[in-house]
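Below is one structure, written out as structure tokens, with a few remarks after it.
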Amino acid sequence: MRALITGGAGFIGSHLSEHLLSSGHAVTVLDDLSTGQLANIAHLKQNNQFEFAQGTILDHNRVDELVLRHDVIFHLAAAVGVELILESPVRTIETNVFGTETVMRAVARHQKRILIASTSEVYGKGTRVPFSEDDDRLLGPTTKSRWSYAASKAMDEYLAQAYYHERQVSTIIFRLFNTVGPRQTGRYGMVVPRFVQQALTGVPLTVHGSGNQSRCFCDVSDVVKAMAVLAETLAAEGQVFNIGNPQEVTITELAERIIDLTGSSSTIQYIPYEQAYAPGFEDMMRRVPSIAKIQQIIDWQPTLSLNDILMRVIDYHRN
Ligand code: UDP
């Protein structure tokens, strides 16, 4: 296939590019380098099946021209990371709503297949364990901008499904749960690279709240395999899939494990949410994916354990 990856210079997009190229596909990355980095894709440039286009998904003509000459579009370009979203709510909404609309329109015009990256944030502060794709969503008030991310991504999902049902566009949505691995930056708040950097530099690991909240971390190499297979699965059209690792860990346990695996002398420092983010910040206590649906359709499951995942990130930051 000839794949166009929007946001392909980002953490997940660069791994997807690498995986598709190694499977013999041609890949074009469209990225405005706002949070993506050339360094993430520098090693792909010598591959003659790889192309890089610097530009924004808000540029109608550019997007149209690129969509036209590809078979499958992986739409990953988005504003991501809780801290970035709180700092730049306008950019979050514009990128995630107008950007996706621009890409969807081009895909519909040229009748291509699109896979849209969504997020486990769309479940909001729902308390079901695990979350299944058809579960209800529970979002906080519009006055708390954290929820603009979930709402904007939910809008992307509605848009994709509307195009599928009304315009017969081949759309597939996947909701990523916490994805980690080499090249992820801690700059936008993501907990694993942040803790690893803190442990390696010997400063305290900053656990927010009580640390009893838990997350499920999936290695990016497992995640991109699922995305690539979904892209070639006709039966996936028009559907939504969770992609994540059901293995759960509390944030305190995560910090302890990272201190242990790095052999660090760092301690743990507990920071109230209102200090870490903003007054009235709402976090979710648990967020566990049900992967029954994706397992059924493409027989996928994560292969790397939490320790394997953490060691890969630690090795990356050490080098
Ligand atoms: N977190 C933390 N310390 C940090 C960064 C994050 O304790 O330096 C917590 C955060 O409050 C949340 C969890 O780790 O409870 C996961 O945060 P992340 O931003 O990585 O992903 P989220 O699941 O919130 O999208």
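Whatever order the structure lists them in is the order used to number ligands and atoms, beginning at 1. Please read these numbers as outputs of a predicted model, since none were measured by experiment. Computed from heavy atoms alone, side chains included, the values below leave out hydrogens, waters and symmetry copies.
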I'd like to know if [X] and [Y] make a salt bridge, using a cut-off of under 4.0 Å between side-chain N and carboxylate O.
X      : Y      : value
Arg286 : Glu248 : yes
Glu51  : Arg69  : yes
Asp283 : Arg146 : yes
Lys153 : Asp156 : yes

Side chain or backbone of [X] under 4.0 Å from ligand 1, or both, or neither, by non-hydrogen atoms?
X      : answer
His208 : both
Thr206 : both
Arg146 : side chain
Val191 : both
Phe177 : neither

Close-contact set for ligand 1 against [X] heavy atoms, below 4.0 Å:
X      : result
Tyr277 : 6 (C), 10 (C), 11 (O)
Val207 : 7 (O)
Asp283 : 11 (O), 12 (C), 15 (O)
Asn178 : 21 (O), 22 (P), 23 (O)
Arg287 : 22 (P), 23 (O), 25 (O)
Tyr273 : 11 (O)

* Asked: Can you tell me the protein heavy atom closest to atom 13 (C) of ligand 1 and the distance?
  -> Ile251 CD1, 3.7 Å
* **Distance from atom 19 (O) of ligand 1 to nearest protein heavy atom, with residue and atom** => Gly189 O, 3.5 Å
* Asked: Looking at Glu157, Arg175, His75, which one forms a side chain to side chain donor-acceptor pair (under 3.5 Å) with Ser118?
  -> Glu157
* Neighbour count above 12 (heavy atom, 6.0 Å) for Arg109 CZ -> yes
* Are Met284 and ligand 1 in contact, using a heavy-atom cut-off of under 4.0 Å? -> no
* **ligand 1 contacted by Tyr188 (non-hydrogen, < 4.0 Å)** => no
* From the options Arg215, Met190, Met285, select the one whose nearest heavy atom is closest to atom 24 (O) of ligand 1. => Arg215
* Output field: ring centroids His208/Tyr277 closer than 6.0 Å -> yes
* **Polar side chain donor-acceptor pair, Asn307 to Ser305, under 3.5 angstrom** => no
* Check whether any side-chain N or O of Asn96 sits under 3.5 Å from a backbone N or O of Ala78 as a donor-acceptor pair, and report yes or no. => no
* To do: Please tell me if the side chains of Trp300 and Asp222 come closer than 4.5 Å, counting only heavy atoms from C-beta onward.
  => yes
